[in-house]
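Down below is the structure, laid out as C-alpha cells.
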Amino acid sequence: MEIAVIILASLLIICCLIGGFIFVDLRRNLKSERVRFDNLTDSTFDYKMVWSEDLSHVEFNKKLSNLLISCGISPDKEYVKSVFCDSSLSYEGPISLCVNALRKSGTVSEYYSGEGMSGLIHWKSVSFTQKNGKLKIYSLGRDISGETVSRKVTEELREELLEEFEGIRRAEENALAGFFSFIVEGENIFVKTTPRICGLWGFENTDSVPLDSIYALMKPDNVLEVQRDVARFLSGVSDEIYSEAFIKIISGAYRSYTIQCRYNKGITDYRYLRTGLIFDNTSGRQSREDSFKDRQKEPITGLYDRTGFMLEGKIYLENSGEKKNSVVLVCLHVTRLRKISMLFGIEVSDVLSKLYAETLKRVVGDDAVIGKVGAEDYAVVFRTLDREEVEKLMKRVSIVVENHCDNKTLPAVLKEQSTFLAGACFYDGIDDIAVLYNKASVTLFNGSRDPGKICSFFDSEVEKKVSGRDIVENEIGEALKRGELELYYQPKISVGTGEIVGAEALMRWNHRTQGLIMPNEFIHIAEEMGIITKIDEWGLLQACKQNKIWQEKGYPPIVISVNMSQAQLYQTDVVATVKNALEESGISPQYIEVELTETMAMVDIDRTISILKSLKELGVSISMDDFGTGYSSLSSLKILPIDLLKIDRSLVYDIETNDTARHITKAICELGKAMDLTLLAEGVENNAQRDILEELGCDIIQGFLYSKPQPPAVVERNFLIPAFDRCKKAAELNKGANGNI
Ligand code: C2E
Ligand code: MG
Ligand code: MG
C-alpha cells in the first residue's frame, strides 16, 4: 500500500511536470518534452504501453514484448484486457478499455515464464492533453518482484523526480519565464501573463493588464519599436512577434524581457488570442552587454573608445535621476600627442596616454565614465559641484602629469611639448549625451579660457560660434557669388631696413548678419565641402590684381603671398591657375609668392616637388608656412624647391621664456641659412621677440608688432604711402647730394 501511495505521488508529480512543460512552452517544446518524458519513463519504468491517439490500439515497449513472448503471451489487446479488466468491470470497445486502464492505475499483474521465472508488475496509467486537444495515455509498469528492491527503486525514482521538479521550478523562477498573451477587445489591447510577472511589474489585477500600462513602464527608447512590432503582429502583417524591451519593476530597476508570440491559427474559438512566452533575460543581456562593452575599449588605456563612451555616458546620464543637473561632460585634448609619438617614439606617447587615463580615473573617481575618444582626445562624464570644482580637478590632472615628466618617468621636455586643454558642458535639460558631447567638444577650441586656466565652459558665446558653423555651412557656397569675401593684407617687414617688403593676403568673409568671419571659421568647412579651390582661385587673382594696382600707383614694389589649400595643390591644375592669374592681372611673377604648409607638402612629396618646380619655372616664389608644427623632418626641406621658411607663431610665441622653442627656432634658422632660404618669423608681437629673432638670423618679421591683417586701403595708408614718401625723400636727398657734387 505504502509503495502504491509513493508511486501515485510520483506519478502525480510527473503529471504536474508534464502540465508544467506545456505551460512553459506551448508552441515549441511539446515535441522535446515528449522525448524528455519518454527518456524519463524509460529510465525509471521497466514496461510501457503507449496508447494511440484514437485509443484503438496499444504499443508495447521492447522489454514488455520480450517478457510476454518469453511467457508465451502474445503482446496484444488481450493482454491489456487481462491486466486492466476483471469481471467486475465491463469492457465495451477501445474507450472503455482505456478508461479501465486509467481507473485501474495501481494494479499489479503477475507473469510466469516457461523457465519457472515469475514476477509482479505494478501498473500506473497517466494521461495528458496535447496541444491539438487530443489525449495521450501511457500505462507504465514497474517490476516489483522483490519487495525490498522495488521499494528502493521507488524511493530513488521519487527522489529523482522531486529533484527534477525542483530544478524546473527553480529554473522557471529564475528565468521568470511564463506565458504571455494579447487579448484584443475592439480598440483595447490587454495582456495576460503569469501572476508572478504581473506582480513584479506592480499590477494587482493579474487577469488582464492594459498594454498601455506596460508601455508606461517601458524604457522610452524601446516603446516605439515594440509598439511597431505589436501593431504589425496584431494587424496580421506578421505572424510572429519577437521583441526585446526593458521594463521597470516595482523596485524601480529595469529588467530586460523578451516576448515571443505566435498567432494561434488552429484555434478557431480563440481567434483573438495571440499567445506565446515571455522571458526575463536580464542576466543574459548583461553578460552580452559586458562582452560588448569589452569590445568598446581602447586597447592602450583600457578606457572606453568613442562608441563605448557614448553608450555608457548615455546610461550614466539616464541613471543620474535628480542629480542630473550636476552632470558635466568634459572633453580633453592632449596637444601634440601624435607628434610626440613621432619625435620620441610610440612607447613614450603610449606611456603618456596611459598616464592621462590613470590620472583621470584617480582624480574623477569611480562614479564617472571615461573614454579615450580620439588619438589625442579624452572625454569624461561625472557629477560635480560647480565650475570651480571641474577646474580644480583638471588642474590636478595637469600637476600629476607634469610631475611625472619632472621625475623622469617621461622625458622632461614633454612638459613643454605637450599640455592639455579642456572644454566642459553641464547638463542643460537635453537628455542626449551626443548633444552634451558636441557642446563640450566645440567649447574645447571655441570657449574663452581665463588666463592660467585649463578648462573653458560652454556658454552663449560658444553657442553663437557653433550656430555660426551652421551659417557657414549653409552659406559659404554663396559667399563668393554675393561678393562677401575680401582679402586683408598683413605687412611683412625687413629686419635689415625696417621697410615693408611684402604682405600676406588673408581671407575674410563679410557676412550680412554675422559681421566679419575669420578664416579659421570657414576655410576648413570650405575644404570639407570641396569649394575651397574656387575660393583660393578667386583669392589668388584678387591678390595679383591688388599688387598690380599698387605698383601702378607707383609704390615701392612688394611681394604678395597667397595661401594655398591642399585641395588646390593636388586636385587642381594649380600651375595653370597661377599662370592665368599672372596673365589676367599683368603682374610680374617675381612679386607673387605661394604659401604651402609642410604637412600639406608631405602628403605626396613627389607630386609636390614636381608642382613646385613648375611654379618656380613660372617665376613665382614658394614659401613653407607654419614651419615647425608639422610632422616632417628638417631634412625633408632639402628636397623641396622652396625659397622661404615661415617660422610658426607657436615657436615665436614664448621664444623669450621657453628654451626649447628658442633651440628649435635656432636650429631651423641655421638650417635655413645653410640652405640659402629666406627666413621669416610669423606672429611677432613684441620687440623682445623681434630682437631674439634678429639675433637668430631672421630676415623678415610678420606680426601684430607691426600690423594686424588690414584691408588694402589701410595697408596703403599706413605702409605703402609712407614707404613711397620715404623713397621719394631719399631719392630727392640722393638727387640733392648728386646735384651738390
Ligand atoms: P597663416 O597663413 O599662418 O596666417 C597667419 C595667421 O596668423 C593669420 O590668421 C594672422 O592674422 C595671424 N597672425 C599674424 N600675426 C599674428 C600675431 O602677431 N599674433 C597673432 N595672435 N596672430 C597673428 P588668419 O588671418 O586668421 O588666418 C588663419 C589661417 O587661415 C592662415 O594661417 C591660413 O592658413 C588660412 N587662410 C587665410 N586666408 C586663406 C586663403 O585665402 N586661402 C587658404 N587656403 N587659407 C587661408
Ligand atoms: Mg600663411
Ligand atoms: Mg602661418
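Every value quoted in this text rests on a predicted model; they were computed, and no experiment measured them. We use all heavy atoms of the structure for the numbers below, so side chains are in, but hydrogens, waters and symmetry mates are not. One-based numbering, in listed order, for ligands and for the atoms of each.
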- Task: Test side chain to side chain contact (heavy atoms under 4.5 Å, CB included) on Ile558 and Ile560 and set out the steps.
- Result: CA-CA 6 Å; Ile558 60 168; Ile560 289 188; 4.2 Å; yes

- Message: Check this for me, if you would: do Glu388 and Lys392 make a salt bridge, where the nitrogen-to-carboxylate-oxygen distance has to be below 4.0 angstrom?
- Response: no

- Got Val390 and Phe426 here, is their nearest side-chain heavy-atom distance under 4.5 Å? yes

- Check ligand 1 against Pro709 and write out every atom of the ligand that is under 4.0 Å from a heavy-atom position of the residue. 11 (O)

- Looking just at side-chain N and O atoms, do Gln566 and Glu527 make a donor-acceptor pair shorter than 3.5 Å? no

- Query: Is the closest protein non-hydrogen atom to atom 2 (O) of ligand 1 under 4.0 Å?
  - Reply: yes

- Message: With the threshold set at under 4.0 angstrom, would you say Lys708 reaches ligand 1 through any of its heavy atoms?
- Response: no

- Message: Any carboxylate oxygen within less than 4.0 angstrom of a Lys/Arg side-chain nitrogen, looking at Lys439 and Asp428?
- Response: yes

- Message: If the threshold is 4.0 Å, N to carboxylate O, is there a salt bridge linking Lys646 and Glu504?
- Response: yes

- Between Asp536 and Ser565, is any side-chain donor less than 3.5 angstrom from a side-chain acceptor? yes

- Query: Is it the side chain, the backbone, both or neither of Glu521 that has a heavy atom closer than 4.0 Å to ligand 1?
  - Reply: neither

- Atom nearest to the Mg ion (ligand 3) - Asp625, N, O or S atoms considered: OD1

- Where do Asn510 and Glu486 land on the side-chain hydrogen bond (donor to acceptor under 3.5 Å, both in side chains) test, with the steps shown first? CA-CA 7 Å; Asn510 289 302; Glu486 188 186 358; 2.5 Å; yes

- Message: As an exercise, identify every atom of ligand 1 less than 4.0 angstrom from a heavy atom of Gly703.
- Response: 15 (N), 18 (O)

- Message: Quick check for you: to the nearest 0.5 Å, what is the distance between Ser456 atom OG and Arg387 atom CZ?
- Response: 9.0 Å

- Where the Mg ion (ligand 3) is the centre, what is the OE1-to-OD1 angle for Glu682 and Asp626, rounded to 10°? 90°

- Considering only heavy atoms of Gly683, which atoms of ligand 1 have at least one such atom less than 4.0 Å away? 15 (N), 16 (C), 17 (C), 18 (O)

- 2.8 Å cut-off met by an N, O or S atom of Ser623 to the Mg ion (ligand 2): no

- Task: Specify side chain, backbone, both or neither for Val684, according to which of its non-hydrogen atoms lie closer than 4.0 Å to ligand 1.
- Result: backbone

- Message: Need one value: angle at the Mg ion (ligand 2), Glu504 atom OE2 versus Glu595 atom OE1, rounded to 10 degrees.
- Response: 90°

- Note on the structure: So for Asp536 against ligand 1, with non-hydrogen atoms under 4.0 Å, the contacting part is side chain

- Item | Distance-only donor-acceptor check, side chains Ser621 and Lys616, under 3.5 Å | no

- Message: Less than 4.0 Å is my threshold; does some heavy atom of Gly539 fall inside it relative to ligand 1?
- Response: no

- Query: Can you tell me if Glu527 has a non-hydrogen atom under 4.0 Å from ligand 1?
  - Reply: no

- Aromatic contact, Trp550 with Phe724 (centres under 6.0 Å): no

- Message: Looking at atom 45 (N) of ligand 1, tell me if a protein heavy atom falls under 4.0 Å from it.
- Response: yes

- Any idea which atoms of ligand 1 are less than 4.0 Å away from a heavy-atom of Glu685? 17 (C), 18 (O), 19 (N), 20 (C), 21 (N)

- Does ligand 1 have a heavy atom under 4.0 Å from the side chain of Leu705, from its backbone, from both, or from neither? neither

- Item | For ligand 1, the portion of Glu504 having any non-hydrogen atom under 4.0 Å away | side chain

- Message: Once you restrict to heavy atoms under 4.0 Å, what part of Gln490 touches ligand 1? Side chain, backbone, both or neither.
- Response: side chain

- Message: Please evaluate residues Gln551 and Tyr555 with respect to the criterion side chain to side chain contact (heavy atoms under 4.5 Å, CB included), reporting the C-alpha separation (whole Å), side-chain torsions for both, the decisive distance (0.1 Å), and the verdict.
- Response: CA-CA 6 Å; Gln551 283 187 7; Tyr555 303 135; over 6 Å; no

- What are the atoms of ligand 1, with element, lying closer than 4.0 Å to any heavy atom of Asn520? 28 (C), 29 (C), 30 (O)

- Query: Is there a protein heavy atom less than 4.0 Å away from atom 6 (C) of ligand 1?
  - Reply: no

